[in-house]
Protein chains: 2
Amino acid sequence: MHEDDIAAMMRALGHPVRLEILRIVSTRSENCCCNDVTDCLSLAQSTVSQHLKVLLDAGVIERQAQGTRNNYRVRTDRLDQFNAAVGAYLGKLGPSASACDRGLQPAS
Amino acid sequence: MHEDDIAAMMRALGHPVRLEILRIVSTRSENCCCNDVTDCLSLAQSTVSQHLKVLLDAGVIERQAQGTRNNYRVRTDRLDQFNAAVGAYLGKLGPSASACDRGLQPAS
DNA sequence: TGCTTCCATCGTCACAAAACGATAAAGAAA
DNA sequence: TTTCTTTATCGTTTTGTGACGATGGAAGCA
């Protein structure tokens with residue numbers, strides 16, 4: 001997972017409503033559709049659908065059509081992956097590394 | 001660390017340039033000023049200063065005036081805190097809980 | 001065949017974010 | 001004092017985001 005991917009995932013998760021949506025979806029693992037989420041929030045259905053799309057595009061959740069409804073599910077694999085990447089990235093920030101590697105010296 | 005704080009931190013880190021700035025700052029722990037960062041990036045000084053402010057407001061970095069320059073430093077304590085909070089939050093998303101309870105909170 | 005439900009998408013609006021140049025304050029250096 | 005360096009902030013422009021209502025297509029039910 002590269003820096004840009006981490007940033008993209010961070011941005012997808014960087015909204016209180018989306019974090020809450022993620023929590024809601026996770027608690028109804030098997031059958032959580034857009035309306036279920038909407039019922040839990042004081043937002044319009046279109047707004048919730050949009051947030052779901054953001055999470056979907058970021059790979060945080062997955063969609064599965066079932067008749068007329070769409071079931072959403074948390075992609076725990078991706079979240080684990082993300083969590084590990086964040087830990088690794090932040091862990092590197094303490095000790096010295098090779099930064100500014102666009103052809104510049106490490107430190108002064 | 002509460003959900004909104006996590007979201008705020010995520011949003012601050014949810015930009016490729018800011019992740020790179022963070023990395024640059026971390027490698028020059030003791031004396032990293034705005035110009036140092038600007039030299040590493042192809043962005044205007046005012047733009048870099050703005051990004052630094054975002055990171056500063058989110059508590060990701062700290063500022064320390066030294067003469068006419070401002071030294072920035074990574075707040076590893078906050079990042080560790082954030083990392084732990086993210087891990088705890090994402091870890092909760094696997095097992096089942098009681099959904100849609102806006103008034104109940106297991107832990108913080 | 002209708003009728004209903006689900007929901008992604010479109011169009012729109014208001015506001016936030018990202019980038020820039022210009023500026024001014026404040027310390028260092030001459 | 002005068003000049004230079006550093007850099008936060010202002011004003012502006014462009015682009016993005018979040019929210020909404022409305023719409024239409026697809027599946028299920030009458």
Side-chain angles (χ1 to χ4, degrees), chain A residues 3-4 6-25 28 30-74 100 104 108, chain B residues 3-4 6-22 24-25 28 30-74 99-100:
Chain A
E3 205 167 296
D4 286 2
I6 296 179
M9 203 106 165
M10 287 263 194
R11 203 165 65 184
L13 297 175
H15 194 288
V17 167
R18 285 198 285 269
L19 281 186
E20 190 159 5
I21 288 178
L22 191 61
R23 212 184 48 197
I24 293 169
V25 170
R28 312 198 170 186
E30 276 313 312
N31 44 7
C32 180
C33 67
C34 182
N35 269 357
D36 293 334
V37 178
T38 303
D39 289 344
C40 295
L41 302 169
S42 50
L43 288 172
Q45 177 267 324
S46 57
T47 304
V48 173
S49 184
Q50 246 176 297
H51 281 302
L52 284 170
K53 180 169 169 48
V54 172
L55 292 172
L56 189 67
D57 289 345
V60 181
I61 59 177
E62 59 188 349
R63 174 163 53 182
Q64 190 185 5
Q66 183 187 10
T68 174
R69 42 183 14 149
N70 273 332
N71 284 332
Y72 288 96
R73 185 180 320 183
V74 175
C100 254
L104 230 50
S108 60
Chain B
E3 205 167 296
D4 287 1
I6 296 178
M9 204 103 165
M10 288 265 195
R11 203 167 63 184
L13 297 175
H15 194 288
V17 167
R18 285 198 285 269
L19 281 186
E20 190 159 6
I21 288 178
L22 191 60
I24 293 169
V25 170
R28 312 197 168 187
E30 276 312 311
N31 44 7
C32 181
C33 67
C34 181
N35 269 357
D36 292 335
V37 178
T38 304
D39 288 345
C40 295
L41 302 170
S42 52
L43 289 171
Q45 176 267 322
S46 56
T47 304
V48 173
S49 184
Q50 247 176 295
H51 280 303
L52 284 170
K53 181 169 168 48
V54 172
L55 293 172
L56 189 67
D57 290 344
V60 180
I61 59 177
E62 61 189 346
R63 173 163 52 179
Q64 189 185 6
Q66 184 188 9
T68 174
R69 42 180 16 147
N70 274 331
N71 284 331
Y72 289 95
R73 186 181 317 182
V74 176
C100 271

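Below, chains carry the letters A, B, ... as their sequence lines are ordered, and counting in each starts from 1.
For the OP1/OP2 pair of D:dC20 and a distance below 4.0 Å, the side-chain nitrogens and oxygens of A:Ser46 include no atom meeting the criterion. Of the side-chain N and O atoms in A:Arg63, none sit less than 4.0 angstrom from OP1 or OP2 of C:dC7. Side-chain N/O atoms of B:Arg11 include none lying less than 4.0 angstrom from OP1 or OP2 on C:dA16. Side-chain N/O atoms of B:Arg18 include one lying less than 4.0 angstrom from OP1 or OP2 on C:dA18. Residue B:Asn70 places at least one side-chain N or O under 4.0 Å from the OP1 or OP2 atom of D:dA8. One finds no side-chain N or O of B:His51 lying less than 4.0 angstrom from the OP1 or OP2 phosphate oxygen of C:dA17. For D:dA8, one of the phosphate oxygens OP1 or OP2 lies less than 4.0 angstrom from a side-chain nitrogen or oxygen of B:Ser49. For D:dA26, neither phosphate oxygen OP1 nor OP2 lies less than 4.0 angstrom from any side-chain nitrogen or oxygen of A:Thr68.
Among the protein residues, A:Leu43 comes within range of the sugar-phosphate backbone only, with heavy atoms under 4.0 Å from sugar or phosphate atoms but none that close to a base.
With A:Arg63 contributing its side chain and A:Leu56 its backbone, the two residues share no donor-acceptor pair below 3.5 Å. In this structure a side-chain-to-backbone donor-acceptor pair under 3.5 Å is missing from B:Ser49 to B:Gln45. With hydrogens and angles disregarded, no donor-acceptor distance shorter than 3.5 Å links the side chain of A:Asp39 to the backbone of A:Asp36.
Taking atom CD on B:Glu20 and atom P on C:dA19, their separation rounds to 12 Å, with Å as the unit. One can place CG of B:Leu55 at 11 Å from P of C:dA18, the figure rounded to the nearest angstrom. A straight line from CD of A:Gln64 to P of D:dA26 spans 20 Å, rounded to a whole angstrom. The CG atom of A:Asn71 sits 13 Å away from the C1' atom of C:dC7 (whole-angstrom rounding). If you measure from atom NE2 of B:His15 to atom P of D:dT15, you get 15 Å, rounded to the nearest angstrom. Here C:dG27 presents its P atom at 15 Å from CZ of B:Arg69, a figure rounded to the nearest Å. If you take CG of A:Asp57 and P of D:dG18, they are 13 Å apart, rounded to a whole angstrom. Atom pair B:Met10:CE and C:dA17:C1' shows a separation of 20 Å (rounding to whole Å applied).
Residue B:Gln45 places a side-chain atom within donor-acceptor reach of the base of D:dA8, judged by atom type and a 3.5 Å distance cut-off alone.
Checked against B:Cys32 for a side-chain contact (heavy atoms from CB on, under 4.5 Å), the options B:Asn71, B:Val37, B:Val74 give a single hit: B:Val37.
In terms of position along DNA chain D, the nucleotide closest to A:Gln50 lies nearer the 5' end than the nucleotide closest to the other residue of the pair A:Gly67 and A:Gln50.
Distance from the side chain of A:Tyr72 is smallest to C:dA8 among C:dA8, C:dT5, C:dG21. For A:Ala44, the listed nucleotide lying nearest its side chain is D:dC20; candidates were C:dC7, D:dC20, C:dC20.
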Q) Passes side chain to side chain contact (heavy atoms under 4.5 Å, CB included), A:Ile6 versus A:Met10? Steps please. A) CA-CA 6 Å; A:Ile6 296 179; A:Met10 287 263 194; 4.1 Å; yes
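The line from CG of B:Asp4 to CE of B:Met9 is 14.0 Å long, rounded to the nearest 0.5 Å.
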